Each structure stands twice: as structure tokens, then as C-alpha cells.
Amino acid sequence: KLPYWTDGVVVVINNNKNFDKLGVVGKTPRGMIAYKFPAEQATTVVEEVNWQVGRTGAITPVATLRPTAIGGTIVTHATLHNLDEIHRLDLKMGDTVILEKAGDVIPKVVRVLSNLRTGKEKIIHPPVKCPVCNSILKHREGEVAIYCTNKNCFAQEKEKIIHFVSKKAFNIDGLGESIVEQLLNAGLITTAADLFTLKQGDLESLDRFAEKSAQNLISAIQKSKTVSLPRFIYALGIRNVGEQTAADLAKYFTSIEKLQNASLENLTSILHVGPTVAKSIFQWFNDNSNITFLDKLKKAGVIVKSIGRKNQGKL
């Protein structure tokens with residue numbers, strides 16, 4: 001009977017002492033639980049499957065769907081995650097599928113209605129080469145995803161830069177995907193570090209850039225030069241390092257220099273950082289191209305604010 005849309009109910013322990021005693025896992029307090037309403041579902045057709053390249057080089061299948069209304073929006077795309085998911089669903093191009101929005105936000109293919117097949121459906125074959133740079137694709141040991149082997153792949157670099165400037169990272173206002181693509185295509189940048197050396201005149205030669213819009217973007221880039229340590233670590237796009245792990249690393253090491261020089265054993269000893277995450281962090285900071293990237297950021301005037309250790313006491 002509520003006069004507004006809700007997606008469920010949260011039940012909370014109504015006692016602060018017990019709530020605190022139960023503790024927190026990552027960002028999730030144990031003293032509360034969310035009960036969600038069943039997700040709204042719709043039926044549609046998978047018209048095509050394209051393969052997208054992410055910032056880590058992982059190739060992800062994305063379904064192009066016959067436009068369908070669900071949860072208040074028109075949906076035309078849904079991620080299929082990986083080849084194992086395609087096999088699990090027994091999905092073919094042309095299949096009629098049941099779609100739902102996970103958490104009322106992300107479209108997801110739940111089930112294939114195989115009884116509606118006409119015989120014209122096509123098997124989905126994974127690519128052998130990167131759809132962007134044409135490099136060989138490989139499986140990594142113990143992983144389902146396939147990866148582009150070219151470290152300089154245009155698509156990977158574009159995704160890395162988009163992640164770097166995103167809201168939870170450097171938060172550069174006005175620097176969206178299309179502008180990043182324009183800057184890369186024009187050869188004005190090759191990595192995110194080059195953003196900080198851009199001049200107003202560089203931008204004025206690009207499409208849809210006048211003097212004022214170029215000035216505003218340069219101003220936003222310069223304003224973002226001073227960044228907190230957790231945001232900086234997150235912006236680097238290290239594999240398996242999300243927002244929470246970035247915050248944990250910042251709290252433990254307090255400066256980027258200490259994190260850079262950390263041993264594998266040191267990283268593994270941190271709460272919530274397991275062997276896989278520790279290995280990705282260690283490898284990232286010991287890769288020559290990443291060391292050069294960090295030096296370029298420093299020379300460009302990027303300042304990473306260190307975290308002071310908190311005094312232990314009653315308050």
C-alpha cells in the first residue's frame with residue numbers, strides 16, 4: 001500500500017551492542033539482512049551475441065536482445081558473463097529467453113525456452129582472436145574467461161582509462177567514454193597518465209569541443225590531480241582489487257610508496273586479502289610498464305594523499 005516503489009525490506013537487529021558485536025564482513029554488517037521481492041521477468045529473443053574486451057583483457061559475451069520493457073526500462077542488452085554460462089543455459093542465437101533484472105537493475109538471461117526453437121537458431125562460438133586488436137586469445141589456468149594476450153590492446157587501454165576517471169576513482173567530471181575514445185584515436189593520449197599533460201589547444205581540435213568546453217575539461221582534470229590513497233589504488237584497476245580492498249590496503253600501508261615496496265608475504269597477511277588478490281597486487285607493482293605509468297603520474301603532478309595512522313584510544 002506504500003505510495004512509492006520499493007524492492008524489498010531490510011530487517012535490522014534493534015540493539016546497538018549486539019549489532020556491533022556481530023561485526024562487519026567487507027561492507028556488509030552481519031546485524032542486518034535484506035529480503036528482496038522476486039525480480040520482474042519478461043520474455044524476449046537473443047538476436048546476436050557480441051564479445052567485449054574489458055580492462056583486464058577478459059572477453060565477455062554480451063547478448064543483443066529484441067527490445068523489451070522490464071522493471072520500468074526498455075532493455076536491449078544483457079551480459080552472458082562467460083562461455084560456461086552460455087553452455088549452462090544451453091543458449092543459441094535466435095533463442096527465446098526469460099529475462100529478469102538482478103537486484104532490479106542489471107538485466108540477466110535466466111532461462112532458455114528451448115521448446116520454442118524453430119531450427120534456425122545458431123550455436124554461439126567463442127572468438128579465437130581479440131575482436132578489437134586481432135591478437136590471440138588464451139585461457140588462464142584455473143579460470144573460465146578467455147583473455148586478449150596483447151597488453152597494448154586499444155580496447156583494454158580505453159577501459160582502463162574509463163575506470164581510472166570514473167566516479168569512485170579520480171572522478172574527472174565531463175570525461176566520458178566517447179571523449180576518451182576521441183583522445184586515444186587522435187593520439188593525444190596512450191595511457192591515463194597523459195590526461196594530466198593535455199592542454200586546452202589539444203582539445204579544441206576535437207569534435208564537439210569549443211573553447212569553453214575544452215577549458216572546463218582541462219580545469220576538471222587539473223582539479224583531480226590531488227587524490228586520496230584509497231581512490232588512487234582503486235583507479236589503478238589492479239585485477240581483483242575493488243573499492244573495499246583498496247580501502248583496506250590504504251589503511252594498512254598508509255602511502256603508495258609502502259604499498260609499491262610490499263612483499264608477497266606482507267600482502268597476504270592483511271585481513272580480507274587472500275593469496276590470489278595478494279599475487280595480483282604484487283605482480284602489478286612489479287610490472288615494468290606499471291612502474292613507468294606510476295612515474296609518469298608523479299611527473300605529471302599527481303599527488304596521492306597518504307593516510308595518517310589513527311591513535312588507538314577510547315575515542
Side-chain angles (χ1 to χ4, degrees), residues 50-60 62 77 79 129-135 147-239 241-243 246 256 284-285 287-305:
N50 295 304
W51 298 80
Q52 290 185 354
V53 187
R55 62 187 165 85
T56 62
I59 312 292
T60 305
V62 176
H77 293 90
T79 179
K129 292 185 175 180
C130 173
V132 175
C133 71
N134 217 28
S135 298
Y147 288 85
C148 172
T149 52
N150 176 15
K151 274 189 177 181
N152 301 314
C153 173
F154 179 88
Q156 285 184 59
E157 204 51 62
K158 184 182 89 170
E159 292 301 325
K160 281 179 194 171
I161 296 168
I162 290 165
H163 174 80
F164 187 91
V165 304
S166 65
K167 202 162 190 171
K168 292 175 181 177
F170 270 70
N171 192 20
I172 301 176
D173 195 30
L175 190 50
E177 185 176 342
S178 60
I179 296 172
V180 168
E181 200 163 332
Q182 272 198 79
L183 292 168
L184 283 165
N185 285 329
L188 291 169
I189 62 170
T190 53
T191 70
D194 300 322
L195 291 168
F196 299 101
T197 59
L198 286 172
K199 301 283 184 288
Q200 191 176 318
D202 298 329
L203 300 179
E204 285 173 9
S205 62
L206 300 176
D207 283 350
R208 295 190 295 277
F209 266 100
E211 187 183 340
K212 186 66 182 168
S213 52
Q215 193 182 330
N216 287 345
L217 183 54
I218 293 296
S219 172
I221 291 169
Q222 293 305 311
K223 208 164 98 179
S224 73
K225 270 187 174 181
T226 300
V227 65
S228 69
L229 182 56
R231 278 176 174 269
F232 184 77
I233 296 167
Y234 176 75
L236 297 176
I238 302 166
R239 207 155 159 262
V241 175
E243 203 183 347
I256 192 63
W284 197 95
F285 282 105
D287 181 292
N288 287 333
S289 61
N290 294 332
I291 293 165
T292 305
F293 174 65
L294 290 170
D295 285 343
K296 274 180 87 174
L297 287 171
K298 202 173 179 181
K299 283 173 187 166
V302 172
I303 297 164
V304 184
K305 289 187 284 184

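From a predicted model like this one, the values you see are computed outputs, not experimental measurements.
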Note to self: Under a 3.5 Å distance rule, please check whether Arg55 uses its side chain to pair with a backbone N or O of Gln156 as donor and acceptor.
What the structure shows: no
Item checked: Nearest heavy atoms of Ile59 and Pro131, plus distance in Å -> CD1-CD, 4.2 Å
Notebook entry, point to check: What are the two closest heavy atoms between Cys148 and Cys133, and how far apart are they?
Noted result: SG-SG, 3.6 Å
Item checked: Smallest separation among heavy atoms of Lys296 and Asp194, with atom names -> NZ-OD1, 2.9 Å
Checklist line | Intermediate values then yes/no, side-chain contact (heavy atoms from CB on, under 4.5 Å), Leu236 and Leu294 | finding: CA-CA 9 Å; Leu236 297 176; Leu294 290 170; 4.0 Å; yes
Checklist line | Rounded distance [0.5 Å steps], CG in Asn134 versus CG in Asn150 | finding: 10.5 Å
Next item on the list: Verify, without hydrogens or angle tests, whether Ser219 (side chain) and Gln215 (backbone) share a donor-acceptor contact under 3.5 angstrom.
Entry: no
Margin query: Under the criterion side-chain contact (heavy atoms from CB on, under 4.5 Å), I'd like the reasoning laid out for Ile218 against Lys199: C-alpha separation, chi angles, the key distance, then a yes or no.
Written below: CA-CA 7 Å; Ile218 293 296; Lys199 301 283 184 288; 5.7 Å; no
Check: Considering only heavy atoms from C-beta outward, does the side chain of Leu184 approach that of Ile161 to under 4.5 Å?
Finding: yes
Note to self: Under the rule for ring-ring contact (aromatic ring centres under 6.0 Å, His included), what residues qualify as partners of Phe285, not counting sequence neighbours?
What the structure shows: none
Next item on the list: Step by step, work out the side-chain contact (heavy atoms from CB on, under 4.5 Å) result for Phe170 and Ile221.
Entry: CA-CA 9 Å; Phe170 270 70; Ile221 291 169; over 6 Å; no
Check: Do side-chain atoms of Gln52 reach the backbone of Thr79 as a donor and acceptor pair under 3.5 angstrom?
Finding: no
Next item on the list: Starting at OG1 of Thr292, measure out to CG of Asn288 and round the result to the nearest 0.5 Å.
Entry: 6.5 Å
Next item on the list: Answer whether the closest heavy-atom distance between the side chains of Phe196 and Lys299 falls below 4.5 Å.
Entry: no
Margin query: So Asn171 and Arg231, do their side chains get closer than 4.5 Å, heavy atoms only?
Written below: yes
Next item on the list: Can you spot which of Leu297, Leu195, Thr226 makes a side-chain contact (heavy atoms from CB on, under 4.5 Å) with Val302?
Entry: Leu297
Notebook entry, point to check: Taking atom types as modelled and ignoring hydrogens, do the side chains of Gln222 and Lys225 form a donor-acceptor contact shorter than 3.5 angstrom?
Noted result: yes
Check: Is a side-chain N or O of Asp287 found less than 3.5 angstrom from the main chain of Trp284, in a donor-acceptor match?
Finding: no
Next item on the list: Starting at CD of Glu211, measure out to CG of Asn216 and round the result to the nearest 0.5 Å.
Entry: 10.5 Å
Next item on the list: Only pairs at least two apart or in different chains count here, so list each side chain to side chain donor-acceptor pair (under 3.5 Å) that has a residue in residues 160-170.
Entry: Lys168-Glu243
Next item on the list: Rounded to the nearest 0.5 Å, what's the gap from CZ on Phe232 to CZ on Phe164? Could you check?
Entry: 6.0 Å
Next item on the list: First locate atom CD1 of Ile189, then atom CG of Asp202, and finally report the distance between them rounded to the nearest 0.5 Å.
Entry: 11.0 Å
Notebook entry, point to check: Step by step, would you call Cys130 with Val53 a side-chain contact (heavy atoms from CB on, under 4.5 Å)?
Noted result: CA-CA 8 Å; Cys130 173; Val53 187; 3.9 Å; yes
Check: Taking all non-hydrogen atoms of both residues, which atom of Ala169 and which atom of Val227 are closest, and how far apart?
Finding: O-CG2, 4.4 Å
Next item on the list: Of all the heavy-atom pairs spanning Leu183 and Leu175, show the shortest one and how long it is.
Entry: CD1-CD1, 4.1 Å
Notebook entry, point to check: Under 6.0 Å from the CD atom of Gln200, do we count more than 12 heavy atoms belonging to anything else shown?
Noted result: yes
Checklist line | Nearest-0.5 Å distance that lies between atom OG in Ser289 and atom CG in Asn152 | finding: 8.0 Å
Next item on the list: Locate the shortest heavy-atom distance separating Gln182 from Asp207; write the atom from each residue and the value.
Entry: OE1-N, 3.1 Å
